[in-house]
Undergrad: 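The structure that follows is given in the form of structure tokens.
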Protein chains: 2
Amino acid sequence: MGGGNRFQEPVKINRRRQVRKEKEEDEVNESFKSPNLEAERRRREKLHGRLMALRSHVPIVTNMTKASIVEDAITYIGELQKIVENLTEKLHEMEETPLEIYEQQTVHTIKPEVEAIDLKMEMKKTGIEENVQFCKIGKRKFWLKITTEKRPGIFTKFMEVMCLLGFEIIDITLATSNGAIIISSSVQILQGLCDGGSVDPQQTKDFLLEVMRSNP
Amino acid sequence: MGGGNRFQEPVKINRRRQVRKEKEEDEVNESFKSPNLEAERRRREKLHGRLMALRSHVPIVTNMTKASIVEDAITYIGELQKIVENLTEKLHEMEETPLEIYEQQTVHTIKPEVEAIDLKMEMKKTGIEENVQFCKIGKRKFWLKITTEKRPGIFTKFMEVMCLLGFEIIDITLATSNGAIIISSSVQILQGLCDGGSVDPQQTKDFLLEVMRSNP
DNA sequence: AGTTACACGTGATAC
DNA sequence: TGTATCACGTGTAAC
């Protein structure tokens with residue numbers, strides 16, 4: 001049977017709408033006493049509270065209506081999602097652009113995952129080839145440039161090899177781009193060991209190339 | 001009198017709960033015909049639709065309940081707000097941090113070790129001071145410059161330390177002059193480990209200075 | 001059995 | 001005046 005309006009009386013609430021009448025102690029009418037009356041009451045209060053909480057979390061509220069609250073929440077969520085999307089996009093953009101000075105006409109839409117195979121393919125795509133240059137620029141001084149695939153530890157290996165060959169690093173520049181690494185350096189043969197004449201540039205170059213190609 | 005359950009019959013819906021009975025053409029009962037019956041019906045449908053729409057906008061839904069839908073929406077809004085906050089913070093941080101350089105002169109923290117003092121005296125002779133700069137230039141990127149005494153293996157040690165700290169070398173420049181060495185490098189914290197926020201520039205700088213001062 | 005959630009129709013209330 | 005929203009108690013269905 002019917003709704004609670006049976007007990008409705010013009011009771012004015014502090015703010016809005018009616019609320020259930022103050023508990024009538026003596027219910028002369030047939031009191032069916034639905035078992036879930038109080039539960040339903042709690043449920044309503046709960047939903048009401050949740051809606052109010054939702055309303056408090058939404059900055060722009062066009063109307064106090066339940067449906068409006070939910071609607072505003074939906075639009076607000078949409079705005080937040082859009083903001084998040086834009087921010088992440090900007091962040092990624094700002095994070096990655098400093099590296100890519102290269103023209104964007106090249107199709108490098110590849111994800112910047114650092115996998116050796118992908119790096120090799122990337123090197124092929126960008127036209128970078130493995131290369132070692134080594135030439136004599138002084139009595140004991142040499143200049144070298146190494147272009148190769150970027151692998152972890154490759155630089156340390158280079159340093160070890162140069163130390164093993166008896167070279168002292170005068171200056172060195174290292175740059176990485178698109179999965180490739182370029183090392184250019186001026187080195188000097190240690191004075192105590194021998195002079196520059198005992199260094200065969202071709203042989204040293206081949207050895208360096210061999211080392212760079214070998215796996216760690 | 002009471003609710004619409006008066007017309008309730010065990011009509012099974014496709015999904016959940018009961019819905020009002022198919023329009024009974026011949027209402028033999030006293031049809032009070034509340035004027036707002038249909039309006040209330042529309043209102044209910046409207047709210048129901050809004051709640052469903054809200055539900056569709058929230059990725060994580062613990063329960064199909066109305067209150068749960070609203071609750072999940074609240075938590076989701078909270079998460080979105082937090083994400084937006086963090087992203088804007090990082091964005092601002094990324095835009096502004098390049099200005100502040102964490103620089104430390106050796107004068108500030110003096111290690112009373114004999115070698116350190118000797119180094120300092122030696123460097124003073126040539127007018128070069130031991131110095132470490134370390135600043136954040138991106139979300140995961142940092143720039144650093146180290147000026148110290150040129151000693152054998154100091155560069156390899158630097159590489160090992162950076163590897164140990166989880167940094168990846170982006171580019172590096174090394175120059176030697178008058179017994180001093182200058183290393184400037186852009187590094188990037190490994191993505192798998194953590195983000196740039198977990199790197200304390202001041203702490204990293206101090207650690208680098210410590211390492212550079214220690215003997216091999 | 002017991003509890004929870006829902007839709008229903010209605011009176012009251014606000015605009 | 002109507003139109004719209006609300007809280008109410010209840011029957012019913014699902015768990």
Side-chain angles (χ1 to χ4, degrees), chain A residues 1-55 58 61-74, chain B residues 1-55 58 61-74:
Chain A
M1 305 285 282
N5 52 355
R6 187 209 310 248
F7 310 106
Q8 290 296 332
E9 268 147 328
V11 180
K12 189 63 171 60
I13 317 306
N14 52 0
R15 195 63 199 91
R16 259 186 85 83
R17 307 295 177 183
Q18 77 281 11
V19 145
R20 69 177 174 280
K21 180 191 173 189
E22 295 301 326
K23 187 73 170 173
E24 198 78 26
E25 303 85 357
D26 49 348
E27 289 287 347
V28 287
N29 282 343
E30 4 78 61
S31 66
F32 277 129
K33 185 202 171 195
S34 291
N36 60 343
L37 197 156
E38 202 168 348
E40 174 65 15
R41 203 168 284 173
R42 280 201 303 264
R43 172 185 163 271
R44 272 198 300 264
E45 291 177 359
K46 187 176 175 183
L47 180 58
H48 182 77
R50 299 293 181 191
L51 281 175
M52 287 306 159
L54 179 63
R55 192 188 110 82
V58 177
V61 179
T62 61
N63 204 345
M64 194 61 177
T65 293
K66 285 184 177 179
S68 294
I69 292 174
V70 180
E71 189 177 0
D72 295 337
I74 292 175
Chain B
M1 305 281 281
N5 52 354
R6 187 211 305 250
F7 309 107
Q8 290 296 331
E9 267 149 327
V11 180
K12 188 65 171 60
I13 318 306
N14 51 0
R15 193 64 199 93
R16 259 186 85 84
R17 307 294 177 183
Q18 79 280 10
V19 145
R20 70 177 175 280
K21 180 192 171 189
E22 298 299 327
K23 187 73 170 169
E24 198 77 26
E25 304 85 357
D26 49 349
E27 290 286 348
V28 286
N29 282 342
E30 5 77 61
S31 66
F32 276 129
K33 185 203 173 196
S34 291
N36 60 341
L37 197 155
E38 201 167 349
E40 174 66 14
R41 201 169 286 173
R42 281 201 304 265
R43 172 187 164 269
R44 273 197 300 265
E45 291 178 359
K46 187 176 175 183
L47 180 58
H48 181 77
R50 300 292 181 192
L51 281 175
M52 286 307 158
L54 178 62
R55 192 186 111 82
V58 176
V61 179
T62 61
N63 205 345
M64 194 60 179
T65 294
K66 284 184 177 180
S68 295
I69 292 174
V70 179
E71 189 177 1
D72 295 337
I74 292 175

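Computed over heavy atoms, backbone and side chain alike; hydrogens, waters and symmetry mates excluded. Numbers restart at 1 for each chain; the letters A, B, ... are given by sequence-line order, proteins then strands.
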Undergrad: Hey, does the side-chain of A/E40 have a donor or acceptor N/O within less than 3.5 Å of a partner on the base of C/dC6?
TA: yes
Undergrad: About how many Å separate CG of B/L37 and CZ of B/R41, when rounded to the nearest 0.5 Å?
TA: 4.5 Å
Undergrad: Find the distance A/K46:NZ to C/dT4:C1' and express it as a whole number of Å.
TA: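 Rounded to the whole Å, the gap is 9 Å.
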Undergrad: Could you state the CG-P distance from A/L37 to D/dC8, rounded to the nearest angstrom?
TA: 10 Å
Undergrad: Drop me the distance from A/M64's CE to A/D72's CG, to the nearest 0.5 angstrom.
TA: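 Taking CE in A/M64 and CG in A/D72, the distance rounds to 11.5 Å.
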Undergrad: Tell me, please, which residues at least two apart from B/R50 pass salt bridge (Lys or Arg N to Asp or Glu O under 4.0 Å).
TA: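 Testing B/R50 for salt bridge (Lys or Arg N to Asp or Glu O under 4.0 Å), a comparison that skips the adjacent residues, returns A/E71.
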Undergrad: Ignoring hydrogens and angles, are the base of C/dT4 and the side chain of A/N36 linked by a donor-acceptor pair under 3.5 Å?
TA: no
Undergrad: Do any side-chain nitrogens or oxygens of A/R42 fall under 4.0 Å of OP1 or OP2 in C/dA5?
TA: no
Undergrad: Taking the nucleotide of DNA chain C with the nearest heavy atom to each, does A/R44 or A/A39 sit closer to the 5' end?
TA: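 It is A/A39, whose closest nucleotide lies nearer the 5' terminus.
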Undergrad: Test of understanding: with side-chain contact (heavy atoms from CB on, under 4.5 Å), list the residues that count as partners of B/R43, not counting sequence neighbours.
TA: A/K66, B/E40
Undergrad: For C/dA7, does either OP1 or OP2 sit under 4.0 Å from a side-chain N or O belonging to B/K66?
TA: yes
Undergrad: Looking at A/L47 and B/V70, what are the two nearest heavy atoms and their distance?
TA: CD1-CG2, 4.3 Å
Undergrad: Of the non-hydrogen atoms in A/I69 and A/L54, which two are nearest, and what is the gap between them?
TA: CG2-CD2, 4.1 Å
Undergrad: Rounded off to whole Å, could you give me the CD-to-P distance for the A/E38 and C/dA5 pair?
TA: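 Rounded to whole Å, this separation is 15 Å.
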Undergrad: Suppose we screen for side chain to side chain donor-acceptor pair (under 3.5 Å). Which residues come up paired with B/S68, at least two apart in sequence or across chains?
TA: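 B/S68 satisfies side chain to side chain donor-acceptor pair (under 3.5 Å) with no residue once adjacent residues are dropped.
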Undergrad: OP1 or OP2 of D/dT3 less than 4.0 angstrom from a side-chain nitrogen or oxygen of B/R43, does that happen here?
TA: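 No, outside the criterion.
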Undergrad: When the distance from CZ of A/R55 to P of D/dC6 is rounded to whole Å, what number comes out?
TA: 12 Å
Undergrad: Would you mind reading off the bend of the helix from C/dG2-D/dC15 to C/dC15-D/dG2 from its two end axes, five pairs each, to 10 degrees?
TA: 10°
Undergrad: Separation of B/I69 atom CD1 from C/dA5 atom P, in whole Å?
TA: 12 Å
Undergrad: Whole Å only: how far is the CE atom of A/M64 from the C1' atom of C/dT13?
TA: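 Between C1' of C/dT13 and CE of A/M64: 15 Å.
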Undergrad: Less than 4.0 angstrom between a side-chain N/O of A/R41 and OP1 or OP2 of D/dC8, yes or no?
TA: no
Undergrad: A/E45 has an atom CD; how far is it from atom P of C/dT4, in whole Å?
TA: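 Rounded to whole Å, this separation is 14 Å.
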